[in-house]
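Just below is one structure, and these are the notes that go with it.
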Number of protein chains: 2
Amino acid sequence: MNTKYEGFETPGITVDLSIFTVNETRLKVMLVRRAEVPFQGYWSLPGGFLKTSESLDAAAQRVLCEKSGVSDVYMEQLYTFGDPKRDPRSRVITVAYIALIPWQSLPQPASEKVTDLTWASVDALPKLAFDHREILSYAVKRLRAKVSYSNIVYGLMPKQFRLSELQSMYETIIDDKLDKRNFRKQMLATGLLKETGKKELAGAHRPAMLYQFKSKEIVFFN
Amino acid sequence: MNTKYEGFETPGITVDLSIFTVNETRLKVMLVRRAEVPFQGYWSLPGGFLKTSESLDAAAQRVLCEKSGVSDVYMEQLYTFGDPKRDPRSRVITVAYIALIPWQSLPQPASEKVTDLTWASVDALPKLAFDHREILSYAVKRLRAKVSYSNIVYGLMPKQFRLSELQSMYETIIDDKLDKRNFRKQMLATGLLKETGKKELAGAHRPAMLYQFKSKEIVFFN
DNA sequence: CCAAAAGTGTTATTGATACACCCATGC
DNA sequence: GCATGGGTGTATCAATAACACTTTTGG
């Protein structure tokens, strides 16, 4: 038996990531296909075992980079799931994380044949391995809540953007429509945005002013 | 070496609890004195190793009951701390919890000689073992924040109470004064309280109506 | 000149804040 | 009758919500 102290357990520790992005006005999450038992062939959240002398944050960062190819994005610890039966093989406790990646920052997949990684709309999920469905709904809940009292959408926007793109980002995540004038007023009132001076000229319409965030800091409102 | 898979670690898992109560208009947290190395003789948060086939919540519940003698109180998972160096002996990851106990629910200590357990004011803490100071400041931060957007103070109130006691509870936790009339208006407007009909007669003043919560549910505002 | 998205202010409503006096009781 | 905490209402201010038309461009 795999114990360190009499009667106490030393379970395996993993990190599992809910990596979100928004594309085509859909909130999407990264799923990877499991190559091994248990749940072979099922989709699951990307994750991995904690390595020796690696902090939890570092492990999450490593998994993020391995799977997405990006680093330096918004990430936070979500919750720790430790039900004794959540892994049918042996006791595994997982520390769940949330990460946000702007769609534009994602490297395009090298080939069309990548079938072991996908971005699934959170409202059209396949069956998931382990308790990953539960983890993911918790992650979505946290994300939706946090959007409304912080500027966490930072993590999903490209460097420069139109205010209408920012509004669309909010609308996609909270799944509701917002008033254009009130939205702009409020956003500019936060003082967190600055004009870049550049104007986007693409499209048969009046060009839009491009904005960017003054800093990467996440701020809480209320 | 204590590994389960090549290169992966199976650290010890503990739960550590920040158990809060309020007494004499001070927010207090339970500390226990460590009998063993490391940090022998230091004060620390109550905690313990996860047992085989025990869920994280169950472990936290067990520790709570062992140390405080109460169960069925408000408890929530806080955060997981996994720095590789946080325990000088070996790798230990701790899942931190918050618990709230009404002062009136606490069994009085059997003898005056109990010197291995204390309730310390959170603004006058001794040196703590491990990273418990960090855990505790995180817990206090969470508690203070949550008080202002939920009815989490439920967890600290006795069955029946005066509105002025409820106000005092809020003021103690957020460390600020509130307006009496506005406070009462808002509290009653939530619809979460009901009069008990009873009046408290103690004291040389007009007796106060006693209230209680309609349900134990925790509700979020905003 | 038509389509398409950008940009812009005012009013109404709601919620939050500030504030002072009388009441019921015990001693 | 005085000290103590209990109990009550209104006016102001700030924030939020509702709402429609003009502008600039490409085709």
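The sequence lines fix the lettering, A, B, ..., with proteins before strands; numbering per chain opens at 1.
One can place CG of B:Leu210 at 14 Å from C1' of D:dG5, the figure rounded to the nearest angstrom. Taking atom NZ on B:Lys177 and atom C1' on C:dA18, their separation rounds to 17 Å, with Å as the unit. Here C:dG7 presents its C1' atom at 12 Å from CD of A:Glu195, a figure rounded to the nearest Å. Summarising the geometry, the separation between CG on A:Leu188 and C1' on C:dG7 is reported as 11 Å, rounded to the nearest angstrom. The NZ atom of A:Lys199 sits 12 Å away from the P atom of C:dA6 (whole-angstrom rounding). Following rounding to the nearest Å, B:Met209 (CE) and D:dG5 (C1') show an atom-to-atom distance of 16 Å. Between the C1' atom of C:dA5 and the CD atom of A:Glu200 lies a distance of 10 Å, rounded to the nearest Å.
Between A:Val29 and the options A:Ile19, A:Val140, A:Leu125, a side-chain contact (heavy atoms from CB on, under 4.5 Å) holds for only A:Leu125. Here the options are A:Phe213, A:Phe161, A:Tyr170, the test is ring pair (Phe, Tyr, Trp, His ring centres under 6.0 Å), and the partner is A:Tyr154; only A:Phe213 passes.
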- [ ] Take A:Thr25 and A:Thr172, measure what side chain to side chain donor-acceptor pair (under 3.5 Å) needs, and give me the verdict at the end.
- [x] CA-CA 6 Å; A:Thr25 68; A:Thr172 298; 5.0 Å; no
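Residue-environment remark: OH (B:Tyr74) exceeds the threshold of 12 foreign heavy atoms within 6.0 Å.
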Quick one: side chains of residues 96-106 of chain A, donor-acceptor pairs under 3.5 Å with protein atoms, not counting sequence neighbours, listed by atom name and distance.
| from | atom 1 | to | atom 2 | distance (Å) |
| --- | --- | --- | --- | --- |
| A:Tyr97 | OH | A:Asp57 | N | 3.3 |
| A:Tyr97 | OH | A:Asp57 | OD1 | 2.5 |

- [ ] Using a 4.0 Å cut-off on protein heavy atoms (strictly under), produce a 5'-to-3' string for nucleotides 19-24 of chain D with B for base contact, S for backbone-only sugar-phosphate contact, and - for none.
- [x] BB--BB
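Between B:Arg184 and A:Gly203, the residue anchored closer to the 5' end of DNA chain D is B:Arg184, taking for each the nucleotide with the nearest heavy atom.
Aromatic ring centres of B:Phe39 and B:Phe130: separated by under 6.0 Å.
Across every non-hydrogen atom of B:Leu178 and B:Glu171, the tightest pair is N-OE2, 2.8 Å. Taking each heavy atom of A:Ser121 and A:Lys28 in turn, the nearest pair found is OG-CE, 3.8 Å. Closest of all the heavy-atom pairs between B:Met187 and B:Leu166 is SD-CD2, 3.8 Å.
DNA chain D lies under 4.0 Å from at least one heavy atom of each of the following residues of residues 156-176 of chain B: B:Arg162, B:Ser164.
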